[in-house]
Structures are given as C-alpha cells and as structure tokens.
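Each residue takes its place number in the sequence, starting with 1. Computed over heavy atoms, backbone and side chain alike; hydrogens, waters and symmetry mates excluded.
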Amino acid sequence: MFNKLNQNSRDKKAHFKRQVFLGAASAPIAVVLATGSMQAFAQEGVERVEAEAEASKVEQTIIVTGSRIKNANLVSPSPVTTVGADQIQARGTVRVEDMLNTLPQVSPSEGAGRANEAAGTANVDLRGLGAERTLVLVDGRRMPYGSPVSAPADLNQIPSMLVERVEVLTGGASAVYGADAVAGVVNFIMKDDFEGVMADVQIGAFQTANSNNRIEQTLRAYDQPIPGSTMDGESIDVNLVFGLNGDDGRGNITGYFNWKKQNEVLQGERVSSACALGYSNDTFTCGGSGTTNPGQFTSFGGGDVPFSFTLAEGGGIRDYNPDTDTYNYAPLNHFIRPNERFSFGAMGHYDLTDAVELYGSFAFTNDLTTAQIAPAGNFFQTKTINCDNPFLTDEMVQVICLNNGYSPTAADLEDRVAPLQIGRRNVEGGGRQNETEHTSFKVLGGFRGDLGSAWSYDVYGQYSKVMYSDSAANFFNLDKVANALEVRIDPDTGAPACQVAIDGTDPSCVPYNVFELGGVTQEALDYVQTPGFREGEVTQEIYSAVLTGDLTEYGLVMPWAETGIQTVFGAEYRDEYLVQTNDALTREGKLGTARADVEGGISVYEFFTEVQVPLVESRPGIEELAINGAYRFSDYYETTGTQSTYALGLTYAPVSDYRFRAQYQRATRSPNPIELYAPQSPFEFTLPVNANGLYDPCAGANPARTFEECARTGVTAAQYGNIADNPAAQFRNISGGNPDLDVESSDTYTIGMVASPGFIPGLNVSVDYFSIKVEDFIGSVPEEQALNQCLTTADEFFCGLINRGSNGELWASEDAFVIATKLNTGSLETSGIDVSANYAFDIGSYGSLRVDYLATFLHALDKEPLPGLDIIECAGYFASTNASCGTSKPEYRHNIPVTWTTPWGDLTARATWRHIGSVDLIGSTASNANTVLDARDYLDLSLRATVRDGVGVRFGVNNVFDKNPPVSTNVGSAGGSFGNGNTFPQAYDALGRYIFAGVNVKF
C-alpha cells in the first residue's frame, strides 16, 4: 500500500541530515570523553566539588515533567506520580514494565508474560487507552518506535539501574511533547552525575506451592498432570556503573554495562494454567483445540453423509467427541519467556564556557527472547484427500469417499479426490518457537547554556535505530503438507510415495501418514517443517531547539506578583521510519498466519511555545495565583497534514500549605506507520462462550441464535445446526492498516488539590480528578460487536463485515473471516480520581516510619465502537479482546508501601500492600467463577542494609502468600487482550511468589 515517492531524494536528504547530525553529536561526546580522560587521575578536587554541588542545590532550577519551563518553584498543574530508585530496588525489578504495572494508573500491556503473537517488546499503557497513546521519554526526549511490528516504545532499552526516578504524568501532553501523549507521559530521569565505581548483582526466582483445589480437581477429572511445588524462572541482573567528575566540576562522564538473563516458565508448570480451561455446568473443564492428536478428520457438516472421526487407540476409527478429544495446548506455552539482554552506554556533559555546556550520550542494547506456543499442525488448512491414498483404511474410504459419492478407482485422478479437512497436531515436532532479537542504539549530542541572566537555550540532535529479527521454527509449510498428504503407490517401487515425487514435481517429498497411530516419521517432519524469518528496522531522527526565558528583569511582572512571566519557544523536526519484511512463505501464510510486509514513515515539523504568568503572589488569601498555557503547531506534511494542540492551566494557593490546580489540554495523535501502511491479512480473534457452551452463536446442533438471525450473517438453511464451532474460541479476521486514517484528538480535564498541612508535619496529600475523551479513535470494529449487531439489527454495514466459509464456519476456511481493518471509529472516554498521600514520622528510638498511599478510583472507561452505537462500559469489567475491554479494568486499585528506617546500621524494611479490585466479564448475565475475576491483595516485603562502607545488601519477597491469579476461559490470547494461561499475567502475579537478593558495592 505504501508508495515510496522520490526515494532517491529521500535517501539523499536523510544522508545529509545524518552527516550534519553526526557532526553535531560527535563533537560534544568527543569533548566530554577527552575531558574525562585528561582528568582520570585528578582526584584531589573530588571532595570540594561534591561540597560545592551540595551547597548549590538550593539555587538550581528544575524542569517538571509536563512543562519545559525551568522554575524551582513550579508545581505542575497536572498530576505527576514519581517513583524513585529506592522503590524500584525494593521490588527487585528486573523488568521495568513489571514495576510500572503495579501503578494504579497503568493498564497492563505487552511484556514478558506474553507468548502467542509476542512482539518481544515491553510497553506501558496509561489509563487503558492503549500503549500507542502513551509517550515514553528519557530525560525529556522521546524514545523511538519499539519495533517494526509494534510501534509503542520498548522499555527493554532502558537501563533500570541508571534510573534516578520515573515521573508519570497522566493526561494529554501533546502541546509540550508532541504526538502520542494522548493518555500521558512516562519520563525516565537518568543519573548523569555519578562518580566512582558501582557493581550490583541481583538474583531472583519464582516459588509456588501450586495449590488450587478447584483446578486440581479439574486436572484429575481430565487425566492431566498436576504440577507440584516448584522454584523456577530464575533470573540474574548484573550492573556495572562508573563515573568521573573532572576539571574542578566542570564535567562528568557516566558509563554503564548491564547483563540480564531470565529463564523460562511454561504454563504446564503452574496449576492455574496447566490446561486450557473450558467451562460447563458451573464447573471448569479441560478444553483446548479441535486440532488435536491423533487428529480430527471431518467434513464440517458437508457432503451427503457428514462425518467427524478420530483414530481409536485399539485401531480403526471412532466418532470425534469435542468434549473429550480436544488437544490441551497449554502446557508447552511460555508463561514467561526466556530472555537475555545486555546493554552499555555512556553520557557526559562539559562546561565549555560559562555560557556553553556540551552534552552527549550513546546507548546500545541487544535483547534476545524466545516465545514458544503449542505445536504446529494441519489446522484444517488442507481441504481434500485422494481416495486411493494407501494409508486410508477400508473404513476410512467408506466414511470419507464412498458414502459421499467418491470412488478410489475412478478413471480420472481428479474424480478420486474427496472433501476432507484434517485437524492434526504436530506433537512429534514440538512447540512452535519464535526467536526475536532487538538490537538498538541511540546517539545524542547537543549544546545548552545561558544567554545572559534572562534566557537559556538547548539545541540537540538525536538518532536512534532499532534492528529486528524473528526466526520461526517448527512451523509447517502448508504447500508441503498438501504434497505429503497426496500419496499413491509408486509404480516403480510398489511403495507409498507422494504424487509430486512420482511425477517428478518434487522428488524430495516424503509421505505424511496421519491416518495411523505412530505413522509420522522423522523424514516426513524434515520435509513438512520449514523455518520462517522476518526482519526489519526502525529509525528515528530528531532535531530540536528550545529557548527559555524569565522576563522578570524586563519588568514583565504582574502588579500583584513578584515573579515575572516565563516563556518557552521551540522548534523541532522529527522523522520516524520503519520497514519490516518477511520471507515468501511467511508473507503468503504458508507457515500459518500470513505476515504482511510493512513499510512507511512519519515526518513532522513543529513549533511550540509555553508561558507561565504569576498573577498574584504573597498576598492575604492568595499565596500564589498563576496561569499557564502551551501551544504547538505540527505539520505532518506527508500524511495527515497540519494540526494544533494547546493547554491552559491554573494554580491557586490561598496559603503555602494548600494548592489547587486545574488544567485543560487538547491533544492529538497522528497514526503511526503500522496503522497506516500494514497490508490487510488474516489474523485471529476470540469470542466469549454462549449459553449453549459454544463460542460461535450460530454453531452446533442447537445454536444460541435463531436461523433468521444467523441467516443475516450468511448461514444457509442446510448449514444451520451443522456448523462446526472452534473449541479454542479462535476465529479468523482480516486486519491491517488504512492509509486514509485521520488524526485522533482528545480533551483532558484535570482538577485537584495538593495539601501539606502545617499542623500535621510530614503529611502530604494530593487528590486529582481526571477526564479524558479521545475522538476519532483509531481502531477497528470489534468482531464480536460486528457479529452481534448483524445478528440483532440486520444492519448492512455490520453484516457486510461477516464472511462465513463454505461450511458456514468462521475459522476453518480461507474464505471465513470478519473484517477488522483499521479506521477512525468512535470515541474512548475515561474518568476517575487519583489519590496520593504520604506521611512520615519518628517513632522515638526505633527510627522513623513513612506510609505512602497511591490509589485510582476508576469512574468510567467507555468505548463507543462507532458513532451512534451503544457504549461499551469497561470500568469494572474485562473481556477476551482489547477491541471490547481486554485486560482487567478494576474500579479501584491501590499501593500502600510502609517503610521503616531503623536506627541500626542503615537497615530499612518495607512492606507493600497491593490491591486489585474484582472485575466482571463484559456482557455476561451470570455471576460465577468463569465470569468474575476476584479481587487480589498482595503483600510484598523487602529489607535493605549497609553491611560495611560501600557495601549494601537487599532481600525481598513479592506476593508473600503465594496468591494464585484469578482465572477464566474468557481472558483471550488474541486481539490485544494480553491474556495468557487463563489469566492476565501482566495484571496479576501469575507465577507465585518472587524471591530476590542483591548486593551493591561502591568504591
């Protein structure tokens, strides 16, 4: 779909900009590195430099996330949650996303707990609006797209040990930072002034008793293995940080190295995920896939005498029983993927003169992970069988061929071919694996400083590149499977052989005998199994110039204020481009799901400004009254054109102890290249279970919907009552991009209060109401919604999205699908209240306590699929697909850490209570174990101590009581719901308790 116009011109322009950038970037880095080397042995000034830095802290200005204005007294008019390095270490966090997912404002997204369709990245999703609507920054500068198959920024690129704090601003911030900040901003502030050498090592593992009486009974009833107490999922995190101040404090260079390794955990190693759960007669069952072992052989209700059989253990065939013959695909799926990552980099700054500071950084990360899911197979993808196949028994020939008018002795070979669809799992070949590797590097260089006492500037260039590869193993080549199933007697040898080998088309073909137990040979597997490969890259170039002014000295001060107007002017150019290509077999869907190539880019010129106007200061009843505003003009000249974003805020402090704040922000998001240019291709989605125990409302002998309703979706009278359901609840859609997508826009309102009452020393409280509404939401019509609307209303638009296969099904044929391509849909609106409080107090000779409380009360999360359709209310609900509600959206979540700083040897203890409220299945009229994910309360404990000068140790246990995750058959694994193992592992502690220990040495 994407047409690369004037590619030579684009390449030349990119090359020129890169040369200019590299010159700008390399200069400050070279100066910083040279300064560091010249001062490597100049240690005598270290203590004096540290003392001067400490003494000058009160004079330093700061930048608050959400504004570029430098002001030590500025309090953000939007709520900002800050997570410090001590909090990160107290959780033993190896993966940054795990720490962020504990925040009440964050909805779980892509991470290590996903196996099926895993992108290999880690994302953050604020407010449940989608990770693509959360802007991720490092030191106020945006990260690139995470991958050519997943646009949101990849948190794996962030060295967690170098993070000084994380600032989370929820609410639109496009006027300040540009597109994608619809839901808010996550800003990682890095340590850039480290001195000395620090080594840190942490090990961790998951431990669980695997105790769940209800699920254990289900496993026993279906003769499935029950995992016992175990410790697994071991991880190690090694960090080395070094830094040096030089030239009497005029410069610093900080470098780091990190190596992390995470071992795998399979779903079969946890009781809650050891089988693919089903639900019937108010009890869980072990369900699974109709693509099974030793196989399902079926006409899907077609033919004169429909059939569906499997192989009997004692020989022969028997009727296929969907209640007992499905394949338990769960045990081999990854619950947490194995992962190995190493990264290194450096950052530095040097005061070239009193007015010019050079700064620069580079970072490199290599991340390798493998996602494993159940074995491949023939997922009913071959449609026929030759009746003279020597592997067919006489009974099979009778059922498949003779009963339906096909003869194995017909004169023409074509007349010997009968309809047959085979669902046969490749248990001999093992699980399907995708080894995904991301290699990224980033180079930054710039100049900043003061222009007199009123103005300061910051000019920089940044270049980032992410290289991606995905190697697939143990997948079937469907063309070769078809070849290997068409078997006849070779007239030259008298032995069974592939027809393509007999006629010389493909002499390497080996027959694939699935018609008898033990009939599959290694030689046949070597023929039908074919590796697949995808690769691509993401590049990002940013050039930015910002001018900040304090106009007080020009007399631009309001009559009742002491501080003058402060302002920011800036310009930025950003170019982001991605390309992803597949081998021919992967692209054509011959190895399973078709993977289309993607290529495209976004280029934008932007101009922005901010202003802060103190109106009244230090007056009776008005300690401070100020307004602020921001405006950004953007020109996406190759895609969506021009757009404007803006913000207006007010802060009012009647006295110094209390402050009120309010802000309105208009934000926009231009579609990313994947949304614009991804070609349309088949994928999968899930449907919830109906009252009859089936997923397709028109499937089975007694469909959940009437014939009149089902006929609207394309069901014929002959098909009604004979349509095969998919026991794994997985159906086909057609998804992909849309080059005609328009811009999303959002309106954010926040109003709140910050209090530090003087009569309660040590207490700080903030309460903020938020309301965000996104219009022209880029998404797709939810498949379930399209199906239900067609069934109920017969609306031509929705019925036009439904295409049933030749046998009436929605999953087993290439012509069976629901259209779900990208378009600007309706709206998404959320509102609620954030509460943050902390109280620190002494406890006499026993040290001090600090109690923190961070909570979100979610009032609404409403999706309007298309203008005029009924609202989907997601607050307090979950669903099998993200197009509906996806992961749990509890109405209440909180974190309550209690930190005890003891008087003994720098010993600190922390206990954290995490609460996740219960959620119900959206649209369900029943209330049972399958439609309700009960609330979970987790207790985390950690200890940290200094055992001698420069040597610190820590130990912790998260989920101390080994709480099992809530489970349901409706969590889904497709459609972006991030479900896995019958639960949402990014939302709940799915693997049991996590135990970690670490040591930190500084010298």
Side-chain angles (χ1 to χ4, degrees), residues 64-67 69 74-81 103-107 125-130 133-135 167-186 608 610-613 615 625-632 643-653 658-669 743-755 765-777 826-836 854-864 871 873-875 889 891-893:
V64 177
T65 296
S67 174
I69 294 175
L74 178 64
V75 175
S76 172
S78 291
V80 177
T81 298
L103 298 178
Q105 304 97 323
V106 174
S107 182
D125 175 7
L126 290 176
R127 302 294 186 201
L129 299 181
R133 294 172 187 86
T134 296
L135 180 62
E167 296 180 348
V168 180
L169 180 145
T170 54
S174 292
V176 176
Y177 296 113
D180 304 334
V182 172
V185 172
V186 177
F608 53 89
E610 283 187 72
V611 63
Q612 169 88 3
V613 183
L615 299 175
L625 177 64
I627 60 172
N628 66 83
Y631 174 79
R632 177 179 292 252
Q643 53 201 266
S644 296
T645 57
Y646 43 88
L648 181 64
L650 172 71
T651 59
Y652 166 56
Y658 300 93
R659 183 181 302 269
F660 300 90
R661 57 192 179 188
Q663 188 165 57
Y664 163 75
Q665 300 190 60
R666 177 74 166 185
T668 62
R669 185 178 80 88
V743 175
E744 292 180 343
S745 61
S746 71
D747 295 300
T748 299
Y749 299 88
T750 58
I751 183 169
M753 179 197 72
V754 181
V765 180
S766 68
V767 180
D768 291 279
Y769 168 80
F770 64 88
S771 174
I772 306 172
K773 184 173 184 178
V774 185
E775 299 276 10
D776 297 321
F777 190 83
S827 64
L828 179 59
E829 186 172 7
T830 185
S831 62
I833 295 176
D834 289 333
V835 179
S836 176
L854 182 63
T856 293
F857 298 81
L858 180 62
H859 175 258
L861 182 58
D862 297 339
K863 294 187 176 185
E864 183 186 38
I871 299 296
E873 299 179 357
C874 290
K889 305 295 189 300
E891 293 179 325
Y892 175 71
R893 289 177 63 186

Atom CZ in R666, atom OG in S174: separation rounded to 0.5 Å?
-> 10.5 Å
Note: I772 and V182 closest approach over all heavy atoms is CG2-O, 4.2 Å
What are the two closest heavy atoms between A626 and L650, and how far apart are they?
-> O-CD1, 3.3 Å
Measure the CD1-CD1 distance between I833 and I751 for me, rounded to the nearest 0.5 Å.
-> 11.0 Å
Distance only, no hydrogens: is a donor on one side chain within 3.5 Å (strictly under) of an acceptor on the other, for E864 and S827?
-> yes
Verify the distance criterion only: is there a donor paired with an acceptor across the side chains of T856 and D834 at less than 3.5 Å?
-> yes
Modelled atom types, side-chain donor and acceptor of T170 and Q105, under 3.5 Å | no
In Å and rounded to the nearest 0.5 Å, what is the CG to CZ distance from L126 to F770?
-> 10.5 Å
Is the Y646 ring parallel, tilted or perpendicular to the Y664 ring (thresholds 30°, 60°)?
-> tilted
Closest contact, heavy atoms only, A860 versus T830 = O-OG1, 2.9 Å
CA sep, side-chain torsions, deciding dist, call: T750, D768, side-chain contact (heavy atoms from CB on, under 4.5 Å) | CA-CA 7 Å; T750 58; D768 291 279; 5.6 Å; no
Are the side chain of D180 and the backbone of R133 linked by a donor-acceptor contact shorter than 3.5 Å?
-> no
NE2 (H859) and CD (E829) are apart, to the nearest 0.5 Å, by 10.0 Å
L625 versus L615: any side-chain heavy-atom pair under 4.5 Å?
-> yes
May I ask you to decide if T668's main-chain N or O and T645's side chain share a donor-acceptor pair within less than 3.5 Å?
-> no
Between atom CD1 of I627 and atom CG of L648, what is the distance when rounded to the nearest 0.5 Å?
-> 6.5 Å
Between V835 and F857 the two heavy atoms that sit nearest each other are CG2-CE1, 3.9 Å
Nearest-0.5 Å distance, OG of residue S831 to CG of residue L861 | 9.0 Å
Mind listing the closest non-hydrogen atom pair of F608 and A175 along with its distance?
-> CB-O, 4.2 Å
Which pair of non-hydrogen atoms, one from E744 and one from D776, has the smallest distance, and what is that distance?
-> CG-O, 3.3 Å
Do side-chain atoms of R632 reach the backbone of V176 as a donor and acceptor pair under 3.5 angstrom?
-> yes
